[in-house]
Amino acid sequence: MAIKFYNTLTHKKEDFEPLNPPHVGMYVCGPTVYGDAHLGHARAGIVFDVLYRYLKHTGYKVRYVRNITDVGHLENDADDGEDKVAKKARLESVEPMEIVFHYMRLYHKNMDALNVLRPDIEPQASGHIPEQIEMVQDILDSGYAYETNGSVYFDVENYAKQHDYGKLSGRKIEDLQSNTRELSSQSEKRNALDFALWKKASHQHIMRWKSPWSVGFPGWHLECSVMSTKYLGDEFDIHGGGMDLLFPHHECEIAQSTAAQGKESVRYWIHNNMITINGQKMGKSLGNFITLDELFAGTHKVLEQAYEPMTIRFFILQAHYRGTLNFSNEALQAAAKGLKRLTRAYYAINKLPVSEKSSLDITAIRDKCEEALADDLNTPIVIAHLFDAANLIGNIQNGKEQISGTGKLALKETFETYAAGILGLDFEEKEQNKTQDKLKPVVDLLLDIRLQSKKNKDFATADKIRDELKASGIVVRDRKDGYDWEIE
RNA sequence: GGUACCUUGGCCGAGUGGUUAGGCGGUGGUCUGCAAAACCAUGUACGGCAGUUCGAAUCUGCCAGGUACCUCCA
């Protein structure tokens, strides 16, 4: 089956054909590590995690590179913009690298909790200064950059004469020019659209490296062009990131790579959309910014409760990655319940009664899941099919449908492949299961007694046992001639 | 101001020229000693106005509302 992805560059769904099958190179813009990871990071992390898992599932050998931006990302594009990491370091009176490692660890911790797999390579910009200097030189050599006072800028106007600057973001250079503010008289740039490839460090700027032009630091856009091609080759398959990076970041990447090597690097640009809160984009300036730690702990003022990482993951995957996703407590609570239902269905599979033959076609569910994933990674449809499967499981439990031993295995395998393997929904509540195992003899004993009481119509005792267990967090559900229980 | 995009039932969210997306919630029911869980049934939704069409929520135009990008952001 042909896999289709929406390519931002061509504005349409395209068949995915890797350059060197079975190998696939995939680069995704990672975080700038100067602050807590938030819901937006979760979405990008999860979306591309599912893409990564899916490509591997279909048999590709994927090299997944996701960078850590730890230098060069300025507060703004003005000439006096301060490096984000350096600023944070200054404010907290620590080394920039302390900031970098602190937030990188936090990011990893949060992503691990969301069951986001680590990329194969996670390069840091600060570890690739020589390569970045080399690329600046290449761009200078190609004539698409100029040096002013120790800084090097990309010459957008000149580049646009030969190439299409704005092709990715759908912008026209004339519009961009008419919309940019006037250059200040002190500016080193020839044109307001030009962006920095290398900047000379002011004397208070602490993150600095030697280069042929000055002691300074690389421009933000450069690192991605450099590190993607270093690890994936001059040309590679997929470049991902949030839609907010489309312009200028990714547009500049295209320009840089084209200028430096005479051709574009990226074949498929894939962008995830934003998360909104009450219809508005999440942003620091808007004060509606929710970090993942706050979300997991329920400590932000807009949160009615804490939410499990898996609930967040499920919530995000219930929407297609290219649409905006609106956050609300109601929506997250609904997601939590839906996920619980799927989890219960999964655990019920083992206990299903086996019949001679199956009245169900499990392969049809598998096929539909495959089809949905191949159609631009349509995770909400996959989830809808998993709910169909959950429905079947309920019907088998109630004796309305029959399933054979092999059917049962197929059902289990479907959940494991699609829900757990590709969507990355981690059904295993490890700690809880351990407790559950330890308590099993005790709880079973009580429930055996309760069963006997029920037979003797001693409902007072039966209810007392159920109520007491519930008070200690154990929920009992009666089955025909038996019971189920779980720790809530 | 420029450029894009969006508007689906109480909420979240797929989809798309003609057959029920799905989830959560609500209501009724089955099961149960009672519950819980599960299952069944139930909502004829697609911003407004025109147009194209045998037929549009799906295409076109206009209008209204919203959002994003153009500055840092996943």
Side-chain angles (χ1 to χ4, degrees), chain A residues 11 28-32 34-35 37-48 73-78 81 84 166 169-172 174-181 193 220 240-249 271-276 279-285 289 314-315 318-320 322-342 344-345 348 372 375 378-388 390-401 454 457-459 462-463 466-467 470 475-480 483-486:
Chain A
H11 308 286
V28 175
C29 287
T32 300
Y34 72 108
H38 53 72
L39 250 183
H41 291 111
R43 190 169 198 196
I46 289 166
V47 163
F48 291 104
H73 201 160
L74 304 184
E75 284 281 304
N76 55 60
D77 200 32
K84 289 183 172 195
S169 54
R171 275 154 227 265
K172 294 189 183 69
E174 310 85 67
D175 294 339
L176 287 168
Q177 273 163 338
S178 63
N179 282 316
T180 41
R181 345 186 155 80
L193 288 181
W220 173 41
M243 269 184 193
D244 49 350
L245 297 177
L246 245 157
F247 190 89
H249 186 54
H271 290 94
N272 66 278
N273 213 140
M274 306 290 102
I275 287 184
T276 57
Q280 266 198 321
K281 188 181 149 178
M282 214 176 65
K284 284 184 175 166
S285 52
F289 184 92
F314 186 72
F315 169 69
Q318 263 190 311
H320 186 86
R322 276 194 297 113
T324 54
L325 171 59
N326 195 36
F327 170 91
S328 68
N329 282 287
E330 210 181 354
L332 267 190
Q333 284 156 11
K337 284 185 182 163
L339 178 61
K340 199 169 181 184
R341 203 178 134 208
L342 279 188
R344 282 212 185 102
D375 183 17
N378 200 328
T379 55
I381 297 290
V382 175
I383 289 171
H385 293 313
L386 289 171
F387 274 112
D388 286 346
N391 224 315
L392 294 181
I393 291 165
N395 275 326
I396 299 165
Q397 275 180 317
N398 287 3
K400 286 179 185 165
E401 302 276 3
K454 278 170 66 184
K457 308 261 185 235
D458 178 6
F459 297 122
D463 288 351
R466 187 173 64 194
D467 293 347
K470 181 156 195 204
V475 175
V476 179
R477 279 186 284 277
D478 288 348
R479 296 276 175 230
K480 247 188 176 32
Y483 49 79
D484 267 347
W485 60 273
E486 68 179 353

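Values in this document were obtained by computation on a predicted structure and should not be read as measured data. Chain naming here is simple, since letters A, B, ... match the order of the sequence lines and numbering starts at 1 in each.
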**Q** From the list B:A74, B:A38, B:C70, which nucleotide is the closest neighbour of the side chain of A:D244?
**A** B:A74

**Q** Which heavy-atom pair separates A:K454 from A:D478 by the least distance, and what is that distance?
**A** NZ-OD2, 2.8 Å

**Q** Below 30° counts as parallel, above 60° as perpendicular, anything between as tilted: where do the rings of A:H38 and A:F289 land?
**A** perpendicular

**Q** With a non-hydrogen cut-off below 4.0 angstrom, is A:G338 in contact with a base, only sugar-phosphate, or nothing?
**A**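 Contact class for A:G338: sugar-phosphate only.
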
**Q** Tell which nucleotide pairs with B:C69, taking only Watson-Crick or G-U wobble pairs whose two distances are both under 3.5 angstrom.
**A** B:G2

**Q** Consider the side chain of A:N378, meaning its heavy atoms from C-beta on, and name the nucleotide among B:A35, B:G15, B:G10 that approaches it most closely.
**A** B:G15

**Q** At 4.0 Å (heavy atoms only), tell me whether A:I275 reaches a base, stays on the sugar-phosphate, or touches nothing.
**A**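 Base contact.
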
**Q** Indicate, with a heavy-atom threshold strictly under 4.0 Å, whether A:M243 touches base, sugar-phosphate, or nothing.
**A**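 Since no nucleic acid heavy atom lies under 4.0 Å of A:M243, the category is nothing.
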
**Q** For the C1' atoms, the ones on B:C46 and on B:A37, what distance do you get once it is rounded to whole angstrom?
**A**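 Pairwise C1' distance, B:C46 against B:A37, rounds to 34 Å.
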
**Q** Name the pairing partner of B:C31, where a pair is Watson-Crick or G-U wobble with both distances under 3.5 Å, or state none.
**A**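 The base-pairing partner of B:C31, which may sit in any strand shown, does not exist here.
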
**Q** If you look at every strand shown and take non-hydrogen atoms under 4.0 Å, does A:R466 touch a base, only sugar-phosphate, or nothing?
**A**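 Result for A:R466 = base.
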
**Q** Side-chain N or O of A:N273 versus OP1/OP2 of B:A74: is the shortest distance under 4.0 Å?
**A** no

**Q** To the nearest Å, how far apart are A:H385 NE2 and B:A21 C1'?
**A** 8 Å

**Q** Atom NZ of A:K337 and atom C1' of B:G13: how far apart are they, to the nearest Å?
**A** 17 Å

**Q** So A:N395, base contact, sugar-phosphate only, or nothing? Heavy-atom distance under 4.0 Å.
**A**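 Sugar-phosphate contact only.
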
**Q** Answer yes or no: does a side-chain N or O of A:R341 lie under 4.0 Å from OP1 or OP2 of B:A37?
**A**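 So the side-chain polar atoms of A:R341 never come under 4.0 Å of the phosphate oxygens OP1 or OP2 of B:A37.
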
**Q** Within the 4.0 Å heavy-atom criterion, would you say A:V28 contacts the bases, only the backbone, or no part of the nucleic acid?
**A** nothing

**Q** If we call it a pair only when both distances are under 3.5 Å in a Watson-Crick or G-U wobble match, what pairs with B:G47?
**A** B:C63

**Q** Suppose we define a pair by two distances each less than 3.5 Å, Watson-Crick or G-U wobble; what does B:A21 pair with here?
**A** none

**Q** So which heavy atom on A:I393 is nearest to which on A:A345, and how close?
**A** CD1-O, 3.5 Å

**Q** Determine the Euclidean distance between corresponding C1' atoms of B:U60 and B:U52; express it in Å to zero decimal places.
**A**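 Those two atoms are separated by 7 Å.
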
**Q** With C1' as the reference atom in both, quote the distance from B:U42 to B:G10 in angstrom, rounded to an integer.
**A** 15 Å

**Q** Considering only B:C24, B:A74, B:A37, which nucleotide approaches the side chain of A:A334 most closely?
**A**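 For the A:A334 side chain, the nearest candidate turns out to be B:C24.
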
**Q** B:G47 and B:A56: how far apart are their C1' atoms, nearest whole angstrom?
**A** 15 Å

**Q** Select base, sugar-phosphate, or nothing to describe what A:A372 touches, counting heavy atoms under 4.0 Å on all strands.
**A** nothing

**Q** Looking only at atom P, what distance separates B:G65 and B:G26, rounded to whole Å?
**A**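 One P to the other, the span is 36 Å.
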
**Q** Where the side chain of A:A462 is defined as all heavy atoms beyond and including C-beta, which of B:A74, B:G33, B:C39 is the nearest nucleotide?
**A** B:G33

**Q** For A:H11 and B:C5, give me the distance from atom NE2 to atom C1', rounded to whole Å.
**A**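 Nearest whole value for this atom pair: 12 Å.
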
**Q** Rounded to the Å, how far apart are A:H271 NE2 and B:C5 C1'?
**A**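 One finds 15 Å between C1' of B:C5 and NE2 of A:H271, rounded.
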
**Q** Does the distance from a Lys or Arg side-chain N to an Asp or Glu carboxylate O, for A:R466 and A:D463, drop under 4.0 Å?
**A** yes

**Q** Below 4.5 Å, heavy atoms only, C-beta onward: do A:L392 and A:D388 meet side chain to side chain?
**A**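 No, too far: nothing below the 4.5 Å cut-off.
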
**Q** Taking side chain as C-beta onward, heavy atoms only, is A:M274 less than 4.5 Å from A:M282?
**A** no

**Q** Between A:F48 and A:G241, which heavy-atom pair has the shortest distance, and what is it?
**A** CZ-N, 3.3 Å

**Q** On RNA chain B, nearest-nucleotide positions of A:L392 versus A:A384: which is more 5'?
**A** A:A384

**Q** From C-beta outward on A:N391, which listed nucleotide comes closest to its side chain: B:C40, B:C70, B:C34?
**A**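 So the side chain of A:N391 is nearest to B:C40.
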
**Q** Considering every strand and a 4.0 Å limit on heavy-atom distances, what is the contact class for A:L245: base, sugar-phosphate, or nothing?
**A** sugar-phosphate

**Q** Measuring from the side chain of A:Q318 (C-beta onward, heavy atoms only), which nucleotide among B:G23, B:C69, B:G33 has the closest atom?
**A** B:G23

**Q** Would you indicate which nucleotide in B:A14, B:C24, B:C12 comes nearest to any side-chain atom of A:F315?
**A**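 Of the options given, the side chain of A:F315 lies nearest B:C12.
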
**Q** Just compare B:C12, B:C69, B:A35 and give me whichever is closest to any side-chain atom of A:S328.
**A**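 Of all the options, the side chain of A:S328 is nearest to B:C12.
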
**Q** Below 4.0 angstrom from OP1 or OP2 of B:G33, is there any side-chain N or O of A:K454?
**A** no

**Q** Considering all heavy atoms of both residues, which atom of A:R43 and which atom of A:N273 are nearest to each other, and what is their separation?
**A** NH1-O, 3.2 Å

**Q** Report the residue (A:R43 or A:A319) whose heavy-atom-nearest nucleotide on RNA chain B is the more 5′ of the two.
**A** A:A319

**Q** Say we look at B:G55 and B:C63: how far apart would their C1' atoms be, to the nearest angstrom?
**A** 25 Å

**Q** Establish, with yes or no, whether the OP1 or OP2 oxygen of B:G13 is under 4.0 angstrom from a side-chain nitrogen or oxygen of A:N326.
**A** no

**Q** Among the candidates B:A38, B:C11, B:C70, find the nucleotide nearest to the side-chain atoms of A:E330.
**A**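 Of the options given, the side chain of A:E330 lies nearest B:C11.
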
**Q** Do you know the tightest heavy-atom contact between A:A319 and A:T379?
**A**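 Where A:A319 meets A:T379 most closely, the heavy atoms are O-OG1, 3.7 Å.
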
**Q** Given the C1' atoms of B:G66 and B:G48, what is the spacing between them in whole Å?
**A** 15 Å

**Q** Round to a whole Å and report the spacing from CZ of A:F247 to C1' of B:A74.
**A**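 Rounded to whole Å, this separation is 18 Å.
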
**Q** Tell me: CG of A:D388 to C1' of B:U20, nearest whole Å?
**A**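 Rounded to the whole Å, the gap is 11 Å.
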
**Q** Given B:G25, B:C12, B:A74, which nucleotide is nearest the side-chain atoms of A:A331?
**A**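 Among B:G25, B:C12, B:A74, the one nearest the side chain of A:A331 is B:C12.
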
**Q** Round to the nearest Å and state the distance from A:R322 atom CZ to B:A4 atom P.
**A**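 Rounding to the nearest Å, CZ of A:R322 and P of B:A4 are 17 Å apart.
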
**Q** B:C11 P sits how many Å from A:F327 CZ, rounded?
**A**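 Taking atom P of B:C11 as the reference, CZ of A:F327 is at 17 Å.
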
**Q** What nucleic acid atoms does A:F459 come within less than 4.0 Å of, heavy atoms only: base, sugar-phosphate, or nothing?
**A**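 Base contact.
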
**Q** Using the P atoms only, state how far B:A14 lies from B:G23, rounded to an integer number of Å.
**A**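 One P to the other, the span is 15 Å.
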
